[in-house]
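Here is how names work: the chains are called A, B, and so on, in the same order as the sequence lines, proteins then strands, and each is numbered from 1.
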Protein chains: 2
Amino acid sequence: MAGRVGGSAAVYEAMVSFGLINTPGAWAGPPKLDRHVGDGQRVLVLGAGIGGLATALMLDQAGYRCEVLEVNSRAGGRSLTARPGTHIHQEGHRDQVCQFDKGLYLNMGPGRLPYHHRRILHYCRELNVPLEVYVMETTANLFQTQKAFGGRPQVNRRVANDTRGYIAELLAKAVYKGSLDDELQGDELEEMKNQLLCLLKVFGDLGKNEACDHAELNEPCLSCSSGCADCDQSCGQCGACIQKALDCFKYSGSTRSGCAKPLEVDQTCIPPDPLAFSELLRSEFWTDRFYQPVEYEWQPTLFQPVGGMDRIVDGFVRRVGHLIDYQSVVKKVEISDDGVAVSYTDHMTGDLVRKTADFCVSNIPLPILARQVEANFTDDYGQAVDQAKFGAAAKVGWQANARFWEDDAYGIYGGISWIDDLITQMWYPSNDYFSQKGTLTGAYIYDEDAEQFGRWGLERRLKEARKGALKLHPEFGSDQIVPMNKGLSIAWQQVPYAAGGWPDWNDDDPEDAKAYHRLLGSDRGRFFVVGDQVSPLPGWQEGALMSAEHVVELITELKDEADLEKVHRAPSTRRLVQGRF
Amino acid sequence: MAGRVGGSAAVYEAMVSFGLINTPGAWAGPPKLDRHVGDGQRVLVLGAGIGGLATALMLDQAGYRCEVLEVNSRAGGRSLTARPGTHIHQEGHRDQVCQFDKGLYLNMGPGRLPYHHRRILHYCRELNVPLEVYVMETTANLFQTQKAFGGRPQVNRRVANDTRGYIAELLAKAVYKGSLDDELQGDELEEMKNQLLCLLKVFGDLGKNEACDHAELNEPCLSCSSGCADCDQSCGQCGACIQKALDCFKYSGSTRSGCAKPLEVDQTCIPPDPLAFSELLRSEFWTDRFYQPVEYEWQPTLFQPVGGMDRIVDGFVRRVGHLIDYQSVVKKVEISDDGVAVSYTDHMTGDLVRKTADFCVSNIPLPILARQVEANFTDDYGQAVDQAKFGAAAKVGWQANARFWEDDAYGIYGGISWIDDLITQMWYPSNDYFSQKGTLTGAYIYDEDAEQFGRWGLERRLKEARKGALKLHPEFGSDQIVPMNKGLSIAWQQVPYAAGGWPDWNDDDPEDAKAYHRLLGSDRGRFFVVGDQVSPLPGWQEGALMSAEHVVELITELKDEADLEKVHRAPSTRRLVQGRF
């Protein structure tokens with residue numbers, strides 16, 4: 001018996017070795033380090049984002065003497081939760097002070113934790129941060145475009161399921177007609193076709209029509225698909241058989257798309273007329289991130305910290321807050337084979353202070369490091385630092401004085417409405433359901449759109465965001481329901497020292513691959529970069545933790561940078577952050 | 001300005017009338033009744049299930065004098081939550097006493113509340129029952145069958161996304177080859193085909209292969225799909241162009257199915273090899289309810305009461321508990337044009353008591369009413385009562401001493417694993433994530449399988465359930481992790497006075513339609529049936545509430561039974577309860 005209560009790890013190991021479970025080679029926890037490994041060596045950590053905080057925590061526990069220099073007066077970096085009184089600084093704009101009512105909050109940076117991001121979930125447990133489910137998608141969410149449906153918002157369940165239905169119908173017909181016999185090779189072509197037709201009937205909910213219901217043949221996929229030979233036998237006349245089969249492969253609407261009329265005791269659910277396929281195609285809904293929830297990072301189950309994403313930052317600060325020097329602006333880094341020296345302005349005196357250490361770990365966004373810190377990097381390292389770009393990203397936050405989206409007319413509990421508009425998306429809160437008020441993410445924008453948005457004044461941003469929101473929810477027309485003066489916006493590329501929303505790696509650019517790879521190693525064994533910027537998960541806190549572990553393993557010599565795998569492609573920010581292809 | 005804070009109903013009405021939102025004709029709340037409507041008229045409610053409780057609450061508030069006769073010593077009927085000490089009675093078996101550790105519980109009856117079940121959500125608010133998200137599906141859930149994959153459980157994300165990929169690939173090829181030109185009629189055939197190909201690329205995540213990546217043509221759906229004419233122009237040589245397009249329509253695996261290797265800083269996500277299409281087809285996974293989460297009742301967002309489904313029952317009991325006579329066995333119902341008389345055995349004295357009232361509302365399961373209560377129904381009403389059947393349903397509950405499914409090797413947080421085995425499904429808890437212990441629904445079985453299961457002794461049931469569970473989770477091999485002596489089972493058809501898991505209406509049977517319709521009306525304006533059994537939502541608490549509202553509206557003359565729509569089809573229990581077609 002390998003299994004013991006509380007020691008199920010042993011059970012897994014046994015099972016994995018017996019081949020009983022498919023393990024993806026699961027993460028085994030943070031590096032296990034003796035508390036004397038560091039032996040008093042000094043480490044300067046630059047930046048108290050998640051990557052810097054985690055590095056400091058691990059190294060502190062391993063006996064290193066860490067000091068964290070943080071430019072802001074708070075930790076967390078892009079993990080920012082707006083609450084009443086929160087200040088948002090952006091270059092070129094007046095400071096915003098969050099006017100939300102007491103108890104309301106909104107994540108202005110990262111907002112979700114996928115189930116397979118094991119490290120961040122681990123730290124939430126480790127740091128006593130309670131989690132709740134983050135709902136990425138509900139079938140009550142909306143999609144809106146001016147290209148189709150007369151501009152009327154369409155409910156997710158209809159767009160999603162009607163599309164499945166049409167896809168299944170078309171493929172069933174092609175299979176039935178034999179058009180794909182070449183593709184479905186093998187000895188068991190007829191059986192495969194039968195199975196595929198049966199799959200498609202369920203996949204698309206086909207054949208929900210009178211003609212199919214009343215066909216003697218209620219499982220045409222099982223008896224008539226293989227052509228007239230079987231047809232004659234099981235269904236009599238062949239032409240009629242084929243017609244019945246085709247009726248049963250027709251997509252005629254589905255209750256998956258909801259009910260056309262409200263249910264009553266004398267009214268069972270009848271499916272709404274399906275959206276016209278030509279309208280669905282014309283809408284190009286798939287280009288507006290409609291299928292983002294299908295991507296790995298956004299698949300259920302996702303979580304969020306109860307009370308705001310910065311609860312994780314608070315958890316780290318409880319452990320390593322005493323190591324942080326806030327409002328310390330790093331000016332210069334001098335690296336040698338023996339150690340590092342970092343010069344920064346002291347927040348009390350304003351004087352330039354120069355500190356030496358055995359190692360320096362920089363969580364500073366690479367473009368800031370490149371532009372605002374003087375450093376004697378080796379050429380190749382410096383080139384890699386220069387190569388890294390950050391992408392623009394902007395969000396808008398609204399307070400709503402009534403959770404109108406949860407009311408009977410919408411029934412929206414969490415998830416995201418997608419829109420072919422500058423605002424791109426509207427997030428509904430996955431917390432405090434059924435309460436009185438709530439906050440909405442009224443825009444979440446990337447790239448050029450975010451650049452444009454950032455250039456606008458604060459008032460114009462909110463006006464434009466409201467214009468987009470009105471296409472989804474006329475309630476935005478009421479200042480009593482969604483007060484403009486409680487709206488907020490942030491364009492991360494304008495936040496001092498943030499550089500942008502995330503590292504903008506292009507997986508098609510070999511220069512990016514080269515730079516990324518170089519930054520996984522150190523400069524002279526003394527200077528290291530951490531953060532999502534040097535991880536396969538740009539824009540995700542899990543990436544920051546992965547990177548921090550990696551650097552801790554290098555510093556503690558659990559790993560040798562010579563053993564790093566060659567990286568042929570940089571991570572794809574488009575796919576990993578934006579859910580685009 | 002129609003909108004006022006807290007009065008958003010007016011806003012909707014305005015919007016609906018402006019055509020600004022698509023309202024499905026949303027439910028407008030329970031009947032609004034003056035508190036003197038009942039004027040002291042007497043109502044006997046038979047049965048304190050959700051339907052009976054809601055009837056009593058509404059009528060009590062409207063000035064009727066209600067008395068509820070309940071055969072059990074608890075209210076709630078099939079809404080049963082097992083907690084330490086809960087007794088489970090079944091005919092032909094010894095009583096089980098739940099041995100779960102303190103704080104653990106499991107719903108043995110209904111377990112979820114869909115977002116569009118507006119009435120039950122309303123009552124949760126009304127009765128101060130806090131809700132949390134119920135996770136129906138996570139892509140970490142498993143599917144297992146002996147028919148394919150060597151019997152190894154497969155993770156949902158691979159089955160779901162690889163299937164999408166193959167479907168999209170096959171359809172894209174058929175479209176590209178022109179096999180479906182007849183189906184895609186219209187003036188804009190070429191444009192439609194282009195759009196459809198673009199949709200399919202995103203729908204199935206096609207073309208993630210070297211050949212497509214390196215094609216000059218990285219958007220073949222936009223430039224080459226329309227055949228050689230365009231091809232020559234944009235891509236040079238036509239044959240090469242077609243080959244490129246086909247490469248880009250190929251499903252070559254997707255990161256939606258996860259990552260083949262754990263991510264590391266030097267290891268970005270590479271998709272696992274897709275499951276073979278022939279294996280997917282051979283597995284017939286779609287016949288094992290894999291797509292049940294796509295059906296309307298199970299679409300996100302779903303909820304569950306924090307602490308167990310019976311919190312809703314508790315909420316009703318706080319309001320109308322004083323009206324309930326427990327352990328009262330109804331023996332006889334006498335109906336006349338002027339009123340009703342009900343005879344029942346008093347729980348204290350054992351004597352037969354005869355009570356008269358103006359109205360009688362029966363929440364007794366129809367087969368119990370038919371078999372165990374003597375009643376002078378009119379012929380057609382009595383025939384309708386006799387026609388109604390209940391279906392068998394069984395569940396198994398396990399305590400697990402470690403939430404092994406949440407560990408790194410599985411990463412399962414809620415949802416259901418589907419299995420081609422008697423146990424049919426395994427539910428993981430959507431509550432108390434990341435805690436030490438938990439409870440699992442180790443089987444949820446219907447129809448003949450449930451009949452069979454019910455006939456077995458309690459020990460055999462658990463042994464068979466464990467056998468099934470082992471195919472998903474070897475941890476069930478350890479009595480320390482999943483102790484047999486804390487296992488529970490229930491076969492609802494054996495629970496005294498329950499009759500089964502739900503009313504078993506067959507939507508194809510005209511006799512069922514006729515009986516269902518008749519039971520929506522009264523017997524002589526005096527006797528009424530309530531419950532999910534006379535609702536379009538058999539097996540759902542929402543149905544019980546809908547039915548209760550309907551009967552209250554009849555009794556209070558807000559509605560006339562002569563105005564009922566003719567019901568041509570009974571509700572489909574298969575589809576609505578079992579997610580089958």
**OP:** Tell me, for H550(A) versus chain B, whether the close heavy atoms (under 4.5 Å) come from the side chain, the backbone, both or neither.
**Re:** side chain

Original post:
Looking at F203(A), does the NZ or CZ of R164(A) lie under 6.0 angstrom from its six-membered ring centre and within 45 degrees of the ring axis?
Top reply: yes

Original post:
Is it the side chain or the backbone of L199(A) that comes within 4.5 Å of chain B heavy atoms, both, or neither?
Top reply: both

Subject >> Contacting moiety of Q267(A), where chain B heavy atoms sit under 4.5 Å >> reply: backbone

Subject >> Contacting region of L121(A) [heavy-atom separation from chain B under 4.5 Å] >> reply: side chain

Original post:
Can the ring centres of F434(A) and F303(B) be said to be less than 6.0 Å apart?
Top reply: yes

Original post:
Considering only heavy atoms, which portion of T287(A) lies under 4.5 Å from any heavy atom of chain B: side chain, backbone, both, or neither?
Top reply: neither

Original post:
Mind checking what makes disulfide (SG to SG under 2.5 Å) contact with C269(B), not counting sequence neighbours?
Top reply: C259(B)

**OP:** Please check if the side chain of K208(A) supplies one atom and the backbone of P271(A) the other of a donor-acceptor pair under 3.5 Å.
**Re:** no

**OP:** Check each atom of L184(A) against the heavy atoms of chain B and say whether the ones under 4.5 Å are side chain, backbone, both or neither.
**Re:** side chain

Subject >> Pair F277(A) + Y166(A): ring centers closer than 6.0 Å >> reply: yes

Original post:
V135(A) versus chain B, heavy atoms under 4.5 Å apart: side chain, backbone, both or neither?
Top reply: side chain

**OP:** Measure distances from Y433(A) to the heavy atoms of chain B and classify the residue's part below 4.5 Å as side chain, backbone, both or neither.
**Re:** side chain

Original post:
What part of I412(A) gets closer than 4.5 Å to chain B, counting heavy atoms only: side chain, backbone, both or neither?
Top reply: neither

**OP:** Examine whether an atom of E137(A) lies under 4.5 Å from a heavy atom of chain B, and if so say whether it belongs to the side chain, the backbone or both; otherwise answer neither.
**Re:** backbone

**OP:** Examine F285(A) together with F290(A) and report whether their ring centres are nearer than 6.0 Å.
**Re:** yes

Original post:
Measuring heavy-atom distances to chain B, does V294(A) have an atom under 4.5 Å in its side chain, in its backbone, in both, or in neither?
Top reply: both

Subject >> Under 4.5 Å from any heavy atom of chain B - which part of Y516(A) >> reply: side chain

Original post:
Just one of E549(A), H122(A), E542(A) clears the side-chain hydrogen bond (donor to acceptor under 3.5 Å, both in side chains) bar with W27(A), so which one?
Top reply: E549(A)

**OP:** With the side chain counted from C-beta on, respond yes when I481(A) and H473(A) share a heavy-atom pair under 4.5 Å apart, and no when they do not.
**Re:** no

Original post:
Tell me, side chain or backbone of N156(A) under 4.5 Å from chain B's heavy atoms, or both, or neither?
Top reply: neither

Original post:
Considering only heavy atoms, which portion of T163(A) lies under 4.5 Å from any heavy atom of chain B: side chain, backbone, both, or neither?
Top reply: side chain

